[in-house]
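Reading through the structure tokens given below for one structure.
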Amino acid sequence: MSVTISNPSGSGACDAPVHDRTFDRAIGECGLWPLTAGSVETLQINVGRLCNQGCRHCHWDAGPTRTEVMSKRIFMACLAALDKSGTVTTVDLTGGAPELNPHFRWFVTECRQRGLRVIDRCNLTVLLEPGQEDTVQFLASERVEIAASLPHLREPNSDRQRGVGTFRKSIEAFRKLNDVGYGDGRSGLRLVLVTNPGGAYLPGSQKSLESEWKRELERLYGLHFDALHCLTNMPLGRFRLWLESSGNLALYLDRLVDAFNPKAAANVMCRHLVSVGWDGRLFDCDFNQALEIPLDKSVSSTITDFDARGLAGRRIMTGDHCFGCTAGCGSSCRGTVA
Amino acid sequence: MGSQYYDSKDLARFSDIGNNRPDLAEKFFEWYDATLAEGSLSAREKALIALAVAHALQCPYCIDAFSRDCLEKGADLDQMTEAVHVSACVRAGAALVHGVQMRKHVEKVQM
């Protein structure tokens, strides 16, 4: 059987035979099939597709013209779910650009009042958008952890992925974060940088890149951060379209399969996470959400009937796109996992 | 002879060199992996050296493999281009320094 990974953006499944190995077979060979979840520790909320950028690697096709945005009603259902969950300690906000959602600040404040750790997956440049002038101060006052995406520490490499001029804007926003204490290692305001490769290859060693980025960003710009997370590009959405048009798709899928790492498979983040869509539907992860792969039928499928106890122990819905999280040192929203 | 003597798909068959004498191949691959692992030199520095050597040897398999390896070790195109120039100028220097040999010969035989 050959691997096919379907595409949420509408161009259908890949017909190119890639590898005589499916993800379920791969995890079966290391005793992990069926993959099951533990307790739900993180609620990852995708607040919508609206973004001020249109990055070439985005698995969501997010951008300035997207209209799918989480409503206050769904946010309130998220709060109700958090109140009754008993196990969720972290709220991980992603998008799109979460800060552009009109209910972002209200929701963050509500979460922080409940003592929850809040992570904002920030693209940096959004902090310079009109209407966002005091967002940095707001995030610092609520002690929100920032996971800031920055593809590369050199301008041409970064701009190739996110658009001309975005690197300089990112550095300017980065400086604003440093100015209020983010990334100084003392204030407790945690700033994590998130990078992903600029093409059809796996990310480098997180440990060695982190020390290089810390040294170079300090030397070149006087900037500081706490940690670097290296993520693998998922062959979905806009990145998949580029893989197809550049003739790299089969090569890249093969690379992901060849680099399957059982240690990474044992630590995939979906085991302790539930992903909420902008419309309130629940998924095992943001990628399953992009592919519209619903949760196992035996558990609650929307945030309004969220049941943390029932979700713990659920069977995780896997597919061959999961090779993207298990290649090499593994990939998750908290960086490498093996 | 086919239209392409080198086929990039053959790189995936590298382990076939272990057919017939797996004991020798095992020694080679063990040595190879140990040499390219992180050590006093970083894994990226070693990948860049390997890329430079690949160009000196003009091995298409090695160029493909170490181009990807360099990227996956976090190198960028500036660094990889510099490595290729190191390879090229050492090769050029090696040719030019033989000019001394040429001069010595000419000095000996010429009145």
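Remember, predicted model here, so these are calculated numbers, not experimental data. Protein chains get the first letters and strands the later ones, always in sequence-line order, with residue 1 at the start of each. Atom set for the values below is all heavy atoms of this structure, side chains included, hydrogens, waters and symmetry mates excluded.
- Contact residues of residues 324-338 of chain A toward chain B are absent (heavy-atom distance under 4.5 Å).
- By the salt bridge (Lys or Arg N to Asp or Glu O under 4.0 Å) test, A/E216 pairs with A/R219, sequence neighbours left out.
- Put simply, the side chain of A/R154 does not reach to within 4.5 Å of the side chain of B/L77, judged on heavy atoms.
- Atom CG of B/N19 is surrounded by more than 12 heavy atoms from other residues, nucleotides or ligands within 6.0 Å.
- Sorted by first and then second residue, the ring-ring contact (aromatic ring centres under 6.0 Å, His included) pairs involving residues 49-70 of chain B (not counting sequence neighbours) are B/Y6-B/Y61.
- Within 6.0 Å of the NZ atom in A/K214, the count of heavy atoms belonging to other residues, nucleotides or ligands exceeds 12.
- Residue A/P203 touches chain B through its backbone alone, counting heavy-atom pairs closer than 4.5 Å.
- The existence of a salt bridge linking B/E72 and A/R255 is confirmed by a sub-4.0 Å separation between a basic side-chain nitrogen and an acidic carboxylate oxygen.
- Pairs of residues two or more places apart, or lying in two chains, never qualify as ring-ring contact (aromatic ring centres under 6.0 Å, His included) while including a residue from residues 70-111 of chain B.
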